[in-house]
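Residue indices begin at 1 and follow the sequence shown. Remember, predicted model here, so these are calculated numbers, not experimental data.
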Amino acid sequence: MLLDKLLRHIVVHVEPFATCLVDSGWRLRLPGPPDVMFHFVLQGNGFVREPGGQQHRLERFYLAIVPKGTPHALECGPEIRSERVIETPPTGEGVVRILAGGGPADLRIACGVVSINYGDSLGLFHRLNHVLVADLSRFTQIRSIFETLLAEQSGAGAGSEALTQALMSQCLVYLLRHLSDEPDDSLPWMNGLNDERLGPALDLILDQPGSPHTVALLANASMMSRSSFAERFQE
């Protein structure tokens, strides 16, 4: 499958995660992340709010993907009475706890910046221009992945970075598997993987990522005219 070929050349880097704890009636405002930010709901339910005010429902086992540089907020409860503002992302090693409210928290989320590239530079989420929320509840392993990731980053030992990257790579497989089944919620480039006419060209690119592919050669592989291929590929 094209998705399997894509994943062979994926490079994952995971920054130290934080555990965001939000009480009912509270809003936690977060700055725009330096790269894509993942929010995985470990407990409770709430919302993630975009800069324009659009809300996305969050429930247990949901994963919200926030685009690079996008300020956003995590909210819990039907009526927001208080808020905490985080001006800059936490730094340092180990898992940081970020509290909004006095506890006990009704919403518990694993939050972290993740860099996911195809090869050296092409970011899989760099074309994302809105918050994307995926319901991963059908993948029973997903909570264990994030719990293990948090535990590993809390007490980092030998091989911790490699293990953390492996865990996030597993999460990515489940996420892309979900998005490939939900075309309406997919990443823009995933439409190409599901396009039968572009399939042969993408197959060639993923098989030979270092080759100097041209529009003419890729159009020929797809049995399309150069102009038709170029228009469809760009779209």
Item to check | Residues that Phe139 engages under ring pair (Phe, Tyr, Trp, His ring centres under 6.0 Å), provided they are two or more places apart | outcome: Tyr174
Checklist entry - Any donor and acceptor pair, going by atom type alone, linking the side chain of Arg84 with main-chain N or O of Leu99 inside 3.5 Å? => result yes
Next on the checklist: Has Asn117 got a side-chain atom pairing as donor or acceptor with Val11's backbone, closer than 3.5 angstrom?
Outcome noted: no
Next on the checklist: For Gln234, give me all partners under side chain to side chain contact (heavy atoms under 4.5 Å, CB included), at least two apart in sequence or on another chain.
Outcome noted: none
Checklist entry - side chain to side chain contact (heavy atoms under 4.5 Å, CB included) with Ser228: which residues, sequence neighbours excluded? => result Met224, Ser225
Item to check | Qualifying residue, where the test is side-chain contact (heavy atoms from CB on, under 4.5 Å) with Phe17 and the options are Leu149, Thr164, Ile109, Val113 | outcome: Leu149
Checklist outcome for this item: Arg57 meets the salt bridge (charged side-chain N to carboxylate O under 4.0 Å, His left out) criterion, sequence neighbours left out, with Glu59
Item to check | Glu147 atom CD: more than 12 heavy-atom contacts under 6.0 Å | outcome: yes
Item to check | Donor-acceptor pair between Glu50 and His56 side chains, under 3.5 angstrom | outcome: yes
Next on the checklist: Regarding Arg232 and Glu196, does a basic nitrogen lie under 4.0 Å from an acidic carboxylate oxygen?
Outcome noted: no
Next on the checklist: Taking the side chain as everything from C-beta on, heavy atoms only, tell me whether Glu87 gets closer than 4.5 Å to Val85.
Outcome noted: yes
List the atom pairs, with distances to 0.1 Å, where a side-chain N or O of residues 215-223 and a protein N or O form a donor-acceptor pair under 3.5 Å, not counting sequence neighbours.
{"from": "Ser222", "atom 1": "OG", "to": "Arg197", "atom 2": "O", "distance (Å)": "3.3"}
{"from": "Ser222", "atom 1": "OG", "to": "Leu218", "atom 2": "O", "distance (Å)": "3.2"}

Would you be so kind as to tabulate the donor-acceptor pairs closer than 3.5 Å made by side chains of residues 60-73, with sequence neighbours excluded?
{"from": "Thr70", "atom 1": "OG1", "to": "Pro67", "atom 2": "O", "distance (Å)": "3.2"}
{"from": "His72", "atom 1": "ND1", "to": "Thr70", "atom 2": "O", "distance (Å)": "2.9"}
{"from": "His72", "atom 1": "NE2", "to": "His39", "atom 2": "NE2", "distance (Å)": "2.8"}

